[in-house]
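Beneath this line is the structure, given in structure tokens, with notes to follow.
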Amino acid sequence: MPLKPDLPEPESVQKRVGLAIVGLGKLSAEELIPAIRTSQHTRVAALVTSDVEEGRALARAFDLTDGDVYAYDDFEALKDREDVDGVYIVLPNSLHREFTERAARMGKHVLCEKPLSVNAAEAQAMVDACRAAGVQLMTAYRCQYTPHHWAARDAVQGGRLGAVKLLDSIHVQVETDPEAWRMKIALAGGGPLPDVGLYSLNILRFVLGTEPEWVFAAQHQPKNDSRFREIEESVSFMLGFPGGVIANALTSYGAHKTTTLRVLGEEGNALMDPAFSYTGLSLSITDKGGQTLPAFGSYDQFGLEIDHFAERIRDGNTPWTPGEEGVQDHRIMDAIYESARTGQVVRLENYAGLDVFRGEKPELPG
Ligand code: NAD
């Protein structure tokens, strides 16, 4: 009997894909490890951390042993762990490349948190390393695995809104600690843009399925605020998609938490608010028939994303959000910074067709 009528029965723990979590910050401890434990196809097999004592305390809370905890310097010891199929990299952004390449050399598959790296060249090197080693590289874009975001995309691409003309998206939040790694350009690669603005960029591309042809941007970096010595406080960027579709996005570390997505078509519109939170996503679609609020059974965004990774490890097919998807976002973010610096529109390479950087579609729950 399934545990819950609407969920398939999870596999027995021994058969699941084993993952090592690299970096034990808030996201790993509060979201990812719990999500893996309730996922269908994965199990936590090891933890890799800068603080082994802290890692052991976490390990015990999650039924792992002290021997399952490794320091960063001992990462290569995972090579001999046959029960570790892949690693999930949850470190500050500039460390993603190093640990991806080290994992690839061990023949371990890689799920890497967003942003994939700190610029397009570094991100492309990660793709190349994983391809050369014959291992999967997936970018952890959780919002591309939720029923809410797929329903918005289906409304857009299924024609329910008529011809789409305009989109906008906001992802802003207040960051208070000037010493946090997110405020250091060498660790973060940028400010709110690669951290939270990336959600807007990535989901605008996802709902349309097409790639922007140009970008135009402005940014602000206050001179008298210790948080913004190295990074910008706010960025506003505009993306021009094929067919004259225009998208606007706002991101900041200086404004109260807000996450939205809006798509405006000739015959309707779709609004998500909140659009990027871990839980409580809300979608409303207005078309000729009036307004509907699609509802879905409960699900865990991280669990869905992680199970997709496990299935691609098993079947060898390209994940829906492979490394290439992360590289494309970096190309666009590099262009956004260039536009903000020069005040000029920056043209991007044109790509015909839909979902050119994506792989196998995820299975949605229910
Ligand atoms: P965090 O500050 O909580 O730290 C993550 C880990 O990195 C911790 O183990 C910390 O000890 C370690 N670390 C911090 N500074 C380090 C340094 N200088 N050298 C080596 N290790 C260091 O960060 P986080 O919020 O967990 O973010 C980690 C990654 O996850 C980032 O790439 C971030 O963008 C991503 N993230 C994604 C989501 C999402 O919803 N998908 C949410 C939060 C964070």
Side-chain angles (χ1 to χ4, degrees), residues 20-36 46-59 69-75 87-100 102 110-119 122-123 126 137-146 148-149 171 173 175-203 206 230-231 251 253 257 259 274-281 300-306 308-309 321 323 325-326 329-330 333:
I21 311 300
V22 188
L24 303 181
K26 199 170 147 63
L27 183 71
S28 294
E30 293 180 9
E31 306 294 336
L32 304 181
I33 296 173
I36 290 170
L47 303 175
V48 184
T49 177
S50 56
D51 185 336
V52 171
E53 275 316 307
E54 207 174 73
R56 286 181 178 157
L58 192 65
V69 181
Y70 299 82
Y72 294 149
D73 287 347
D74 297 331
F75 187 52
V87 304
Y88 192 163
I89 297 175
V90 199
L91 291 167
N93 307 337
S94 68
L95 301 175
H96 292 182
R97 176 179 175 182
E98 176 196 330
F99 280 85
T100 294
R102 287 170 69 180
V110 179
L111 175 58
C112 183
E113 261 310 327
K114 47 57 60 181
L116 190 57
S117 188
V118 291
N119 58 46
E122 296 263 321
M126 293 163 67
L137 173 60
M138 173 168 147
T139 316
Y141 284 134
R142 60 180 165 81
C143 293
Q144 292 204 35
Y145 296 89
T146 85
H148 283 88
H149 293 92
H171 197 164
Q173 64 192 33
E175 291 290 333
T176 54
D177 180 4
E179 301 313 317
W181 68 260
R182 283 183 166 76
M183 303 308 199
K184 310 287 176 203
I185 193 81
L187 285 166
L193 177 63
D195 188 23
V196 291
L198 174 56
Y199 287 84
S200 296
L201 168 60
N202 186 254
I203 284 302
F206 165 79
E230 299 186 17
I231 57 156
T251 186
Y253 275 163
K257 182 85 181 174
T259 75
F276 307 125
S277 49
Y278 296 163
T279 57
L281 295 174
D300 183 317
Q301 301 177 26
F302 295 102
L304 295 174
E305 163 211 293
I306 294 164
H308 181 82
F309 178 58
T321 54
E325 172 77 355
D329 279 330
H330 274 296
M333 290 191 289

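Residue indices begin at 1 and follow the sequence shown. Note that ligands are numbered from 1 as they come in the structure, with each ligand's atoms numbered from 1 the same way. Quick caveat: nothing in here was measured; it's all calculated off a predicted structure.
H149 places no side-chain N or O within 3.5 Å of a backbone atom of Q144 that could act as its donor or acceptor partner. For Q301 (side chain) and S277 (main-chain N/O), a donor-acceptor pair under 3.5 Å exists by modelled atom type. The closest donor-acceptor contact from the side chain of R142 to the backbone of D300 lies at 3.5 Å or more, if one exists at all. Checking side-chain atoms of H96 against main-chain N and O of I89 turns up no donor-acceptor pair under 3.5 Å. Between the S28 side chain and the G23 main chain, a donor and an acceptor come within less than 3.5 Å of each other.
Close approach of ligand 1 to K26 is summarised as follows: ligand atoms under 4.0 Å from at least one heavy atom of the residue are 3 (O). Residue contact check: L95 has heavy atoms under 4.0 Å from atoms 19 (N), 20 (C), 21 (N) of ligand 1. Taking a cut-off of under 4.0 Å to the non-hydrogen atoms of G23, the atoms of ligand 1 that pass are 9 (O). In summary, the atoms of ligand 1 found under 4.0 Å from a heavy atom of S50, numbered by their order in the structure, are 11 (O). Near H96, with a cut-off below 4.0 Å to any heavy atom, the atoms of ligand 1 are 32 (O). Those atoms of ligand 1 with a heavy atom of Y278 less than 4.0 angstrom away are 40 (O), 42 (C), 43 (C). Each of the following atoms of ligand 1 lies closer than 4.0 Å to a heavy atom of L24: 8 (C), 9 (O). Residue V90 approaches ligand 1 through these ligand atoms, each under 4.0 Å from one of its heavy atoms: 5 (C), 6 (C), 28 (C), 29 (C), 30 (O).
Taking all atoms of both residues into account, the shortest heavy-atom contact from M126 to T100 is CE-OG1, 3.3 Å. When every heavy atom of R182 is checked against every heavy atom of D195, the shortest pair comes out as NE-OD2, 3.0 Å. Looking at every heavy atom in both residues, G55 comes nearest to L24 through CA-CD1, 3.8 Å. Here the shortest heavy-atom pairing between G326 and Y141 reads CA-OH, 3.6 Å. The two residues L32 and V90 have their closest heavy-atom pair at CD1-CG2, 3.6 Å.
Heavy atoms of T49 found under 4.0 angstrom from ligand 1: none, in either backbone or side chain. At a heavy-atom distance under 4.0 Å, only side-chain atoms of F302, from C-beta outward, approach ligand 1. Residue contacts with ligand 1, taken as heavy atom pairs separated by less than 4.0 Å, do not involve Y141 at all. When heavy-atom distances to ligand 1 are checked against a 4.0 Å cut-off, E31 has no atom that comes that close, whether in backbone or side chain.
For the residue pair Y145/T321, the side-chain donor-acceptor check at 3.5 Å is satisfied.
A distance of 11.5 Å separates OG1 in T146 from CD in E305, rounded to the nearest 0.5 Å. Summarising the geometry, atom CG belonging to L95 is positioned 7.0 Å from atom OH belonging to Y72; distances are rounded to the nearest 0.5 Å.
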Requested in this report: Any chance you could lay out the side chain to side chain contact (heavy atoms under 4.5 Å, CB included) test for N202 and K114, step after step, and finish with the verdict?
Outcome: CA-CA 10 Å; N202 186 254; K114 47 57 60 181; over 6 Å; no

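Heavy-atom distances between P115 and ligand 1 reach below 4.0 Å in at least one pair. Under a 4.0 angstrom heavy-atom cut-off, F99 registers as lying outside contact with ligand 1.
Put simply, atom 20 (C) of ligand 1 has protein non-hydrogen atoms near it, under 4.0 Å away.
Residue-to-ligand polar distances place L91 within reach of ligand 1: an N/O pair is separated by less than 3.5 Å. Annotation: S28 places no N or O atom under 3.5 Å from an N or O atom of ligand 1; distance criterion only.
The closest non-hydrogen atom to atom 18 (N) of ligand 1, taken over N93, L187, D195, comes from L187. When the heavy atoms of E98, Q301, K184, R182 are ranked by distance to atom 25 (O) of ligand 1, first place goes to R182. Taking only non-hydrogen atoms, the option from A140, G25, P92, C143 nearest to atom 13 (N) of ligand 1 is P92.
With respect to atom 36 (N) of ligand 1, the closest heavy atom belonging to the protein is L27 CD2, 3.6 Å. Shortest contact from atom 1 (P) of ligand 1 to any protein heavy atom: W181 NE1, 3.6 Å. Nearest to atom 40 (O) of ligand 1 among the protein's heavy atoms is R142 NE, 2.7 Å. Protein heavy atom at the shortest distance from atom 30 (O) of ligand 1 is E113 CG, 3.4 Å. Among all protein heavy atoms, the one lying closest to atom 39 (C) of ligand 1 is Y199 OH, 3.0 Å. Closest protein heavy atom to atom 35 (C) of ligand 1: K114 O, 3.6 Å. For atom 12 (C) of ligand 1, the nearest non-hydrogen atom of the protein is Y72 OH, 3.6 Å.
By the 30° and 60° cut-offs, the orientation of the rings of F276 relative to H171 is parallel.
In summary, K184 and E179 engage in a salt bridge, as defined by a charged side-chain N under 4.0 Å from a carboxylate O.
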